[in-house]
Amino acid sequence: MAECASRELTLDILDAPLSSVHRTQGRAVIIALDDGTAEARLNDELRVLLNDAACHGIKGYITCSYSEAPNVAEVLKAWRMHDIVDVKLRGQEGPIIETIARIKHEPPESETLAITGADLLFDEELILLKRAFGDCSSVKLVKQTTGSAKVYCAFASLLNSRVGPVPLPFFVKFDKAPKIIRELTNYRECTTLHVPFNQRPNLDHDRCLVGPTTGVIAGNFIEQSESLQEVVDRGAGRAPLHSLFEGALRGWRRQAFYASHYVFDANILQTMRLSRPSIYSPFRKARLRKRRAQNGPNCAEYSELESLLAALPPIKHRLGLTHGDLHGQNVRVAGHEAIMLDFASIADGPLTVDPAALDVSLMIDTRIANDDDWIKVAEEAYRVEALMAPAIPPRPEDPCANLLDAIQYIRQMAFSVQLTPYEYPCVVALQLLRKASYGGTGEEQDRRRRFAYQLADGIIKHIARRMTPQVEHNVA
């Protein structure tokens with residue numbers, strides 16, 4: 001086509017799967033469907049071709065008639081490719097070529113990269129890794145302790161580097177494509193101008209890639225650090241917690257004080273939609289039903305607990321940007337400085353959400369106490385009175401003093417921003433249900449999450465009995 005020649009693009013007619021040249025140099029693949037051919041052409045062979053193209057960073061297009069466009073779109077949706085393959089009307093090839101000419105050339109897959117430690121990676125993840133580190137001769141992956149995502153520390157050897165072959169370690173995170181896209185968007189929109197550069201990982205954007213079903217994020221690994229959970233358990237949590245709330249989170253939390261529209265007068269569930277147990281996945285709902293059954297008939301079903309919260313009168317509360325998944329492993333500590341990780345769950349919500357999530361996480365995951373000793377500590381710490389006003393500080397000889405001191409500091413951060421004393425107990429109860437909805441590692445963790453459901457049940461019922469239609473606010 002003349003459009004290709006004028007833009008120095010080469011047009012190949014495919015009669016076989018993509019070749020190695022296509023995978024390393026191709027920018028786009030266009031599937032042109034003649035009238036009446038959509039049903040026959042939209043087969044597994046084409047799906048594999050489009051999937052292969054997307055894995056290698058090659059943009060996909062399908063052109064067809066106006067009448068067949070809806071059917072093509074439905075097939076792409078069934079293939080879960082509706083976000084990565086564009087459907088265009090036949091006759092629009094010129095604008096497509098113009099768009100292709102402007103596409104940034106994606107890094108190609110390295111055929112020579114030596115990889116170790118990638119036993120758990122799927123084929124698509126391996127392709128993304130070979131593309132992300134295509135400028136290297138080798139990369140060694142070391143698995144990190146995480147949740148559902150696959151996170152590694154990567155040690156690479158660079159090719160043709162001006163400085164030398166040994167860069168500082170990378171963190172490499174694989175997850176579902178929508179989650180990676182969301183996290184990259186959150187990095188761009190929410191962290192660059194609002195989280196200090198030394199209190200978050202810094203991304204290597206050329207190594208961040210998205211395939212048809214999976215994506216990868218890479219950036220600088222936080223060396224010589226430990227988890228906030230470990231720091232709190234050994235009694236050194238106060239300085240990092242101050243760094244977290246007055247440093248890393250400062251840019252988000254202060255926004256809620258700059259204008260009156262950040263104050264909402266509404267039921268707490270209205271601004272915590274994603275925390276409603278009713279929107280959990282079927283697996284998490286099933287686990288909550290199991291927790292309730294384990295606790296006996298005195299505990300209500302999660303749907304009843306949510307209904308009790310939904311029936312509470314409106315309360316004023318400050319709304320701002322929240323991390324959304326703040327826990328003792330998502331915060332690293334280097335020296336006395338807190339570094340936040342994992343920005344995939346950023347969302348608007350009450351300012352008390354992050355303190356409550358961290359509060360519950362540090363208690364559930366602590367190693368200071370176990371068995372009945374832990375139950376006693378948690379039962380006392382999550383009395384409603386302790387969630388509404390500062391509690392008596394723990395005595396220094398208390399084995400759990402370090403943990404309780406940290407939790408009291410976190411609650412001071414929550415109390416300082418809430419507008420009614422009922423807000424924090426409600427948010428903590430939702431965080432306890434959230435923890436209960438996930439599986440724990442080992443019998444002790446399972447027991448704690450079962451007890452978390454019981455604690456949430458008690459808090460919600462207590463607040464429902466205590467709260468009156470007219471709530472006295474701390475400020476007008």
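This one's a predicted model, so the numbers in the text were calculated from it and none came from an experiment.
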Undergrad: Would Leu433 and Ile460 count as a side chain to side chain contact (heavy atoms under 4.5 Å, CB included) if you check the C-alpha gap in whole Å, the side-chain angles of each, and the deciding distance to 0.1 Å?
TA: CA-CA 11 Å; Leu433 287 175; Ile460 293 171; 4.2 Å; yes
Undergrad: With a 3.5 Å distance limit and no angle check, can you tell me whether Asp342 reaches the backbone of Ala344 through a side-chain donor-acceptor pair?
TA: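 Yes; at least one donor-acceptor contact below 3.5 Å.
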Undergrad: Whether the side chain of Ser137 engages the backbone of Leu159 through a donor-acceptor N/O pair (distance < 3.5 Å, no angle test) should be reported.
TA: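 Not a single qualifying donor-acceptor pair exists.
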Undergrad: Any side-chain donor paired with an acceptor under 3.5 Å for Arg200 and Asn220?
TA: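 There is no such pair between these side chains.
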Undergrad: Under the criterion side chain to side chain contact (heavy atoms under 4.5 Å, CB included), I'd like the reasoning laid out for Tyr422 against Leu312: C-alpha separation, chi angles, the key distance, then a yes or no.
TA: CA-CA 10 Å; Tyr422 295 100; Leu312 295 177; over 6 Å; no
Undergrad: Closer than 3.5 angstrom, by distance alone: can the side chain of Gln412 be matched with the main-chain N or O of Gln408 as a donor-acceptor pair?
TA: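 Here the side-chain-to-backbone pair does not exist.
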Undergrad: If we ignore hydrogens and angles and just use 3.5 Å, is the side chain of Ser161 paired with the main-chain N or O of Leu158 as donor and acceptor?
TA: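 No; judged by distance alone, with no hydrogens or angles, the pair does not exist.
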Undergrad: For Glu223, look at atom CD and say whether over 12 heavy atoms of other residues, nucleotides or ligands are found less than 6.0 Å away.
TA: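 Above 12, so yes.
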Undergrad: Any side-chain heavy-atom pair from Val151 and Lys173 closer than 4.5 angstrom?
TA: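 Answer yes - side chains close enough.
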Undergrad: For the atom pair CG (Leu49) and CZ (Arg47), what is the distance rounded to the nearest 0.5 Å?
TA: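 Rounded to the nearest 0.5 Å, the CG-CZ separation comes to 11.0 Å.
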Undergrad: Write down the atom of Ile459, the atom of Ala429, and the distance for their closest heavy-atom approach.
TA: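 Answer, listing the atom of Ile459 first, then Ala429: CG2-CB, 4.0 Å.
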Undergrad: Let me confirm one number: the CG-CG distance from Leu241 to Leu362, rounded to the nearest 0.5 Å.
TA: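 If we round to the nearest 0.5 Å, Leu241:CG and Leu362:CG are 7.0 Å apart.
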Undergrad: Using a 3.5 Å distance criterion without hydrogens, assess whether the side chain of Asn295 forms a donor-acceptor pair with backbone atoms of Arg291.
TA: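 Yes, because the side chain of Asn295 sits within donor-acceptor range (under 3.5 Å) of the backbone of Arg291.
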Undergrad: Which donor-acceptor pairs under 3.5 Å do the side chains of residues 115-125 make with protein atoms, sequence neighbours left out?
TA:
from, atom 1, to, atom 2, distance (Å)
Glu124, OE1, Thr213, OG1, 2.6
Glu124, OE2, Thr213, N, 3.0
Glu124, OE2, Thr213, OG1, 3.4
Glu124, OE2, Thr214, N, 2.8
Glu125, OE1, Phe122, N, 2.7
Glu125, OE1, Lys150, NZ, 2.9

Undergrad: How close do Val331 and Ala338 get, counting heavy atoms only, and between which atoms?
TA: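 Reported closest heavy-atom pair: CG1-CB, 3.9 Å.
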Undergrad: Applying side chain to side chain contact (heavy atoms under 4.5 Å, CB included) to Val360 and Tyr382, what does each step give before you reach the verdict?
TA: CA-CA 9 Å; Val360 170; Tyr382 292 95; 4.2 Å; yes
Undergrad: Leu358 versus Leu244: any side-chain heavy-atom pair under 4.5 Å?
TA: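 The answer is yes, as the side chains (C-beta and beyond) meet within the 4.5 Å cut-off.
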Undergrad: Going by side chain to side chain contact (heavy atoms under 4.5 Å, CB included), name the residues that satisfy it together with Thr24, two or more places apart in sequence or in a different chain.
TA: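 Thr24 satisfies side chain to side chain contact (heavy atoms under 4.5 Å, CB included) with Pro108 once adjacent residues are dropped.
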Undergrad: Determine whether Ile217 and Asp175 make a side-chain contact, defined as any pair of heavy atoms from C-beta on separated by less than 4.5 Å.
TA: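 Side-chain contact under 4.5 Å: no.
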Undergrad: Quick check: do Trp252 and Ile346 have side-chain heavy atoms less than 4.5 Å from each other?
TA: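 In short, these two side chains touch, coming nearer than 4.5 Å.
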Undergrad: Of all the heavy-atom pairs spanning Arg411 and Ala386, show the shortest one and how long it is.
TA: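 In this case the closest contact between Arg411 and Ala386 is NH1-O, 3.5 Å.
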Undergrad: For Met363, is there any backbone N or O sitting under 3.5 Å from a side-chain donor or acceptor partner on Trp374?
TA: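 Checking the backbone N and O of Met363 against the side chain of Trp374, a donor-acceptor pair under 3.5 Å is found.
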Undergrad: Can you check whether Lys130's main-chain N or O pairs, donor with acceptor, with Ser110's side chain at less than 3.5 Å?
TA: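 Judged by distance alone, no pair lies under 3.5 Å.
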Undergrad: Just so I know, are the side chains of Cys136 and Leu113 near enough to count as touching, which here means a heavy-atom distance under 4.5 Å?
TA: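 Yes, their side chains come closer than 4.5 Å.
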Undergrad: Side chains of Thr352 and Glu423: any donor to acceptor distance under 3.5 Å?
TA: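 The criterion, which ignores hydrogens and geometry beyond distance, is satisfied for Thr352 and Glu423.
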Undergrad: Compare every heavy atom of Val231 with every heavy atom of Pro240, then report the nearest pair and how far apart it is.
TA: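 Nearest pair, atom of Pro240 first, then Val231: CG-CG1, 3.9 Å.
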Undergrad: Is there a donor-acceptor contact under 3.5 Å linking the side chains of Arg188 and Asn186?
TA: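 No.
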Undergrad: So, taking the atom named CG in Leu321 and the one named CZ in Arg253, what distance separates them when rounded to the nearest 0.5 Å?
TA: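 So the gap between those two atoms works out to 11.5 Å.
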Undergrad: Would you find more than 12 non-hydrogen atoms of other residues, nucleotides or ligands less than 6.0 Å from Lys285 atom NZ?
TA: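 It does: Lys285 NZ has more than 12 such atoms within range.
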Undergrad: Would you call Glu183 and Lys179 a salt bridge, using N to O less than 4.0 angstrom?
TA: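 Judged by the 4.0 Å cut-off on N to carboxylate O distance, Glu183 and Lys179 do not form a salt bridge.
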Undergrad: Is Arg131 salt-bridged to Glu106, going by a charged N under 4.0 Å from an acidic O?
TA: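 Salt bridge flag = yes for Glu106 with Arg131.
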Undergrad: Taking the six-membered ring of Phe133, is NZ or CZ of Arg207 closer than 6.0 Å to its centre and within 45° of its axis?
TA: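 Because its charged atom sits under 6.0 Å from the ring centre and within 45° of the axis, Arg207 does stack over Phe133.
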Undergrad: Taking the side chain from Asp354 and the backbone from His323, do they hold a donor-acceptor pair closer than 3.5 Å?
TA: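 A pair under 3.5 Å: yes.
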Undergrad: Can I get a per-line list of side-chain donor-acceptor pairs under 3.5 Å for residues 449-457, giving both atom names and the distance, sequence neighbours left out?
TA:
from, atom 1, to, atom 2, distance (Å)
Arg449, NE, Gln445, OE1, 3.0
Arg449, NH1, Lys435, O, 3.2
Arg449, NH2, Gln445, OE1, 3.1
Tyr453, OH, Ala300, O, 2.6
Tyr453, OH, Tyr302, N, 2.9
Asp457, OD1, Ala300, N, 2.8
Asp457, OD1, Lys461, NZ, 3.2
Asp457, OD2, Lys461, NZ, 3.2

Undergrad: Quick check against the 3.5 Å criterion: does Asn267 have a side-chain atom that pairs as donor or acceptor with the backbone of Ala310?
TA: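 Yes; at least one donor-acceptor contact below 3.5 Å.
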Undergrad: Among side-chain atoms of Asp359 and Gln431, is any donor-acceptor pair under 3.5 angstrom?
TA: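 Not at all, the side chains of Asp359 and Gln431 share no donor-acceptor pair under 3.5 Å.
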Undergrad: When rounded to the nearest 0.5 angstrom, what is the spacing between CD in Gln329 and CG in Leu341?
TA: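 The CD atom of Gln329 sits 9.5 Å away from the CG atom of Leu341.
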Undergrad: Ile368 and Cys400: which non-hydrogen atoms are nearest, and at how many Å?
TA: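 Closest pair (atom of Ile368, atom of Cys400, distance): CG2-SG, 3.7 Å.
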Undergrad: Who pairs with Tyr424 by ring-ring contact (aromatic ring centres under 6.0 Å, His included), at least two apart in sequence or on another chain?
TA: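 For Tyr424 the ring-ring contact (aromatic ring centres under 6.0 Å, His included) partners, ignoring immediate neighbours, are Phe415.
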Undergrad: Considering only heavy atoms from C-beta outward, does the side chain of Arg448 approach that of Thr366 to under 4.5 Å?
TA: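 Side chain of Arg448 against side chain of Thr366, heavy atoms only: contact under 4.5 Å found.
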Undergrad: Which pair of non-hydrogen atoms, one from Phe343 and one from Pro201, has the smallest distance, and what is that distance?
TA: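 Phe343 and Pro201 have their closest heavy atoms at CE1-CD, 4.2 Å.
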Undergrad: If you look only at distance, which donor and acceptor atoms sit under 3.5 Å apart when one is on a side chain in residues 77-84 and the other is two or more places apart or in another chain?
TA:
none

Undergrad: Between Asn202 and Phe197 (side chain of the first, backbone of the second, donor and acceptor by atom type, cut-off under 3.5 Å), is there such a pair?
TA: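 Answer holds: yes.
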Undergrad: Please step through side chain to side chain contact (heavy atoms under 4.5 Å, CB included) for the pair Ile315 and Gln418, ending with a clear verdict.
TA: CA-CA 10 Å; Ile315 59 172; Gln418 71 177 2; over 6 Å; no
Undergrad: Taking C-beta and beyond as the side chain, do Ile364 and Tyr438 meet within less than 4.5 Å on heavy atoms?
TA: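 Heavy-atom side-chain distance check fails, nothing below 4.5 Å.
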Undergrad: Give, for atom CG of Asp365 and atom CD of Gln229, the distance between the pair rounded to the nearest 0.5 Å.
TA: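 Separation between the atoms: 5.0 Å.
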Undergrad: Mind checking ring-ring contact (aromatic ring centres under 6.0 Å, His included) for His56 and listing every partner two or more places apart, or none if nothing turns up?
TA: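 If we apply the ring-ring contact (aromatic ring centres under 6.0 Å, His included) test to His56, skipping adjacent residues, there are no hits.
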Undergrad: Measuring only between side-chain heavy atoms, which start at C-beta, is Pro277 closer than 4.5 Å to Leu305?
TA: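 No, every pair of side-chain atoms sits at 4.5 Å or beyond.
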Undergrad: Can you tell me how far the CG atom of Asp405 sits from the CZ atom of Arg238, to the nearest 0.5 Å?
TA: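 Spacing of CG (Asp405) from CZ (Arg238) equals 6.0 Å.
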Undergrad: Does the distance from a Lys or Arg side-chain N to an Asp or Glu carboxylate O, for Arg234 and Glu226, drop under 4.0 Å?
TA: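 Between Glu226 and Arg234 there is a salt bridge, with a charged N closer than 4.0 Å to a carboxylate O.
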